Amino acid sequence: METNEYRDQRLASMQNLAAMGFKPYGSKFPHEDIAHARDSFVEGETRRLAGRLLMIRRMGKMNFCTMNDGTGRFQLIFKRDELPDNLFQAFKQLNLGDIIGAEGVLFTTQRGEKSLVVKDWTILAKALEQPPEKFHGLADQEERYRRRYVDLMTNDETRERFFTRSRILMETRKYLWSRGFLEVETPILQSQAGGAAAKPFHTHFNALDRDMVLRIAPELYLKRLLVGGMNKVFELGKDFRNEGIDRSHNPEFTVLEVYEAYGDRTSMEEIIEGLIPHLCDTVIGSRKIAYGESGEIIDFNTPYRRVAYKDLVRETMGEDWFDLDFAAQLEKAKAKSAATGVNLELDGVSDSLMLTREVYDKLIEKNLRQPTFVTRLPREFVPLAKACEDDPTLVDVFEFVVGGRELCPGYTEQNNPIEQRKAFEIQAGEDVEKVDEDFISALECGMPPTGGLGIGVDRLVMLLTGCDGIRDVVLFPQLKSDK
RNA sequence: GGGAGCGUAGCUCAGCUGGUAGAGCAAGUGACUCUUAAUCACUGGGUCCAGGGUUCGAAUCCCUGCGCUCCUACCA
């Protein structure tokens, strides 16, 4: 890697340019975006553009280049008649990948290509490395993730996808601000991990000589703000979970958590039904989105279906499902499994609750293609939410499911400190230290009834951009180090 | 964690049952004043992922390691 023929040639051409009076790494160059130049094209007007050379078509006395500045591509024409001799000679020293600034006159070729006839130009950055092949670009997935800058400079779809991601973040903020929510930041560096059941990353704080963890969720701090009277808050930031990496999991990922005091689960449903169409309208331009390899159409027009967990199970497994004993349910589940060809994992399943959950996960959730709120879950699944008022065996939450996957949960939050402590203790088992005493004491000051919501932003971006891998929507996904 | 596949020129990829490595693009030189994946001619370019083994001989077969991809399992 230290030396190769391409690098040597480019170093030589760099020296040649220097000898001709150019600075191979130039300075500030005021210019307009290519997208703007294209939109405001007026034949014969003088314009200044800057960007990277993607293609060079040399024809001797008239040469064509394709330049990319991140907002689009534009053709530059270097013509012997139109350039001072030194600038025409120096053009021969340019290579693919070099970044230049050019001033010239807008011109449309006979084939109708909008172009800039260059009258003056300068080099702004010499590229010593060879860019990937012009037609296929960088195709190797590993290289695209490891060297995202090369992927971005050559693959327009990649760049477009991250523009979209950025717009989704901005419009999410705008939407929540417009509804009176305040954006806040809470600690990422924590002394104990809470708000979720996940293994944290450990680190060490030298000044205090204390072990710390990176947060697995902002939840417990955001609720402290509700106690303090910040009634409508959201945080958009990173969580870290020390678990596996696969197509839908990156160890650091972006979450949006939203809390609304004096609200409940249904307030959060309203936010989802407002936010998602807002993102579709402002960022994507359509409420119907092709999803996954099948390209199935997901329709984000509201209202979304709301259905109780048990009703959903009955739809698939029969009206009598919850009246059957465990043995009879097992029989029925096996029959259904055989009939649908879906394998149920029944090894550790010892009661009706677990069996029903397995049936839901494998046979039911995957078939919920259009946006659906699954509500009223058994309380055992969600220990930190509040029970339904009419049925203490159920919790007042939803799982928002799209395309057969859970996109986000929403809760009527537990604000009873006594119940919260019980739930913590059950969750923590013997490990008493895991109970967050300061959080309990915050609840003991009184937290208003509250609705809460947590969205995996990466997965939201995947859904809206039609990607089926988290690495495609994270600029620098975690990879093992190569050598 | 289990299964399958992949790793060859800067990039995209061929390379059959083992016989000393090939194309296109890119690069260098030359021709060409409307090209646009420009075209034409000539030229250069390789630790075939790493290490070991089998063999007279390995990119090719076997083993180990590293990395990636897909499937599957797990995961608030």
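Everything numeric here is computed off the predicted structure, so don't read it as measured data. In what follows, chains are A, B, ... by sequence order, proteins preceding strands, each numbered from 1.
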Item to complete: Verify the contact: side-chain N or O of A:R146 to OP1 or OP2 of B:C68, cut-off strictly under 4.0 Å; return yes or no.
Response: yes
Worksheet entry | Nearest heavy atoms of A:R241 and A:A196, plus distance in Å | NH2-CB, 3.5 Å
Worksheet item: Quick one: is B:U69 close enough that its OP1 or OP2 comes under 4.0 Å of any side-chain N or O from A:R471?
Response: yes
Practice prompt. Can you tell me, in whole Å, how much space there is between the C1' of B:G30 and that of B:A37?
Written response: 23 Å
Worksheet item: Is any NZ, NE, NH1 or NH2 atom of the basic residue among A:K386 and A:D396 found under 4.0 Å from an Asp or Glu carboxylate oxygen of the other?
Response: no
Discussion item. Is there a salt bridge (Lys or Arg N to Asp or Glu O under 4.0 Å) between A:E103 and A:R48? Walk through the geometry before answering.
Written reply: CA-CA 4 Å; A:E103 182 174 297; A:R48 283 161 70 87; 3.0 Å; yes
Worksheet entry | Any strand: nucleotide that pairs with B:G5 via Watson-Crick or wobble, under 3.5 Å | B:C68
Discussion item. Using a 4.0 Å heavy-atom cut-off, does A:K79 contact any base of the nucleic acid, only the sugar-phosphate backbone, or nothing at all?
Written reply: base
Worksheet item: With rounding to whole Å, what would you report as the distance between B:C16 and B:A21 at their P atoms?
Response: 13 Å
Practice prompt. Calculate the interatomic distance between A:H136 atom NE2 and B:A23 atom P; express it in whole Å.
Written response: 17 Å
Discussion item. Could you tell me how far B:G24 sits from B:G45 if I compare only their C1' atoms? Round to whole Å.
Written reply: 15 Å
Item to complete: Choose from B:C32, B:U36, B:C11 the nucleotide whose nearest atom is closest to any side-chain atom of A:K61.
Response: B:C32
Worksheet entry | Check: B:C75 base within 3.5 Å donor-acceptor of A:H249 side chain | yes
Fill in: B:A23 pairs with, by Watson-Crick or G-U criteria that keep both distances under 3.5 Å
B:U12
Fill in: C1' gap between B:A59 and B:U8, integer Å
7 Å
Worksheet entry | Among B:U33, B:A27, B:C71, the one nearest A:R247 by side-chain distance | B:C71
Item to complete: Using both distances under 3.5 Å as the test, list the Watson-Crick or G-U wobble partner of B:U60, or none.
Response: none
Item to complete: Figure out the CD1/P separation between A:I245 and B:G67, and round it to whole Å.
Response: 11 Å
Fill in: Pair partner, B:C40 [Watson-Crick or wobble, under 3.5 Å]
B:G30
Item to complete: Look at the side chain of A:Q9 and the base of B:G28, then say whether one donor and one acceptor between them are separated by less than 3.5 Å.
Response: no
Discussion item. Rounded to whole Å, how long is the line connecting atom CD of A:E142 with atom P of B:C11?
Written reply: 12 Å
Discussion item. Please classify the nucleic acid contact of A:F381 as base, sugar-phosphate, or nothing, using heavy-atom distances under 4.0 Å.
Written reply: nothing
Item to complete: Both distances under 3.5 Å, Watson-Crick or G-U wobble: report the partner of B:G46, or none.
Response: none
Discussion item. By the 4.0 Å heavy-atom rule, please label A:I216 as base, sugar-phosphate, or nothing.
Written reply: nothing
Item to complete: Rounded to whole angstrom, note down the C1' distance from B:G46 over to B:A38.
Response: 29 Å
Worksheet item: What closest approach, in Å, do A:G97 and A:P131 show between heavy atoms, and which atom pair accounts for it?
Response: N-CG, 4.1 Å
Fill in: Any N/O donor-acceptor pair, A:T66 side-chain to B:U36 base, under 3.5 Å
no
Discussion item. How many whole angstroms separate atom CE of A:M55 from atom P of B:U39?
Written reply: 12 Å
Discussion item. For B:U35 and A:R57 - does any side-chain N or O of the residue sit under 4.0 Å from the phosphate oxygens OP1/OP2?
Written reply: no
Worksheet item: B:U60 and B:U17: how far apart are their P atoms, nearest whole angstrom?
Response: 13 Å
Worksheet item: Taking atom C1' in both B:C42 and B:U47, what distance in whole Å separates the two?
Response: 29 Å
Fill in: Nearest-neighbour nucleotide for the A:A196 side chain, B:C34, B:A76, B:C25 considered
B:A76
Practice prompt. Indicate yes or no: at least one non-hydrogen side-chain atom of A:T109 is less than 4.5 angstrom from one of A:I77.
Written response: yes
Worksheet item: Using a cut-off of 4.0 Å on non-hydrogen atoms, how would the nucleic acid contact of A:Y411 be classed: base, sugar-phosphate, or nothing?
Response: base
Fill in: Integer angstrom distance from the P of B:G2 to that of B:G10
35 Å
Worksheet item: Rounded to the nearest 0.5 Å, what separation is found between the OG atom of A:S13 and the CG atom of A:D8?
Response: 11.5 Å
Worksheet entry | Rounded distance in Å - CD (A:E113) to P (B:U36) | 11 Å
Practice prompt. Decide whether A:T108 and A:E43 meet the rule of one side-chain donor and one side-chain acceptor closer than 3.5 Å.
Written response: yes
Item to complete: Check whether any side-chain N or O of A:R241 sits under 4.0 Å from OP1 or OP2 of B:A76, and answer yes or no.
Response: no
Fill in: Ring geometry between A:Y304 and A:F373 (parallel below 30°, tilted from 30 to 60°, perpendicular above 60°)
tilted
Discussion item. For a quick test of reading the model: is some side-chain N or O of A:K480 closer than 4.0 Å to OP1 or OP2 of B:U69?
Written reply: no
Item to complete: Could you check A:L94 against A:V382 and say which one's nearest nucleotide on RNA chain B is further toward the 5' end?
Response: A:L94
Discussion item. Just the rounded figure in Å: distance from P of B:G67 to CZ of A:R144.
Written reply: 22 Å
Discussion item. Students often get this wrong, so: under 4.0 angstrom with heavy atoms, is A:F107 touching a base, only sugar-phosphate, or nothing?
Written reply: base
Discussion item. Check this one for me: any side-chain N or O of A:N95 less than 4.0 Å away from OP1 or OP2 of B:G28?
Written reply: yes
Discussion item. Under a 3.5 Å cut-off for both contacts, is B:C74 paired Watson-Crick or G-U wobble with anything, and if yes, with which nucleotide?
Written reply: none
Worksheet item: Under 3.5 Å, is there an N or O donor on one side and an acceptor on the other linking the side chain of A:Q75 and the base of B:U35?
Response: yes
Practice prompt. Describe the nucleic acid contact of A:A198 in one word from base, sugar-phosphate, nothing, applying a heavy-atom distance below 4.0 Å.
Written response: nothing
Discussion item. Between B:C75 and A:D246, counting only base atoms on the nucleotide and side-chain atoms on the residue, is there a donor-acceptor pair under 3.5 Å?
Written reply: no
Practice prompt. Whole angstrom is fine here: how far is it from CZ in A:R147 over to P in B:G67?
Written response: 19 Å
Fill in: Passing option when A:R215 is tested against A:E252, A:E257, A:E235 for salt bridge (charged side-chain N to carboxylate O under 4.0 Å, His left out)
A:E235
Worksheet item: CD1 of A:I77 versus P of B:U36: gap in Å, rounded?
Response: 13 Å
Discussion item. Quick check: on RNA chain B, is the nucleotide nearest A:T108 upstream (toward 5') of the one nearest A:G137, or the reverse? Name the residue that is more 5'.
Written reply: A:G137
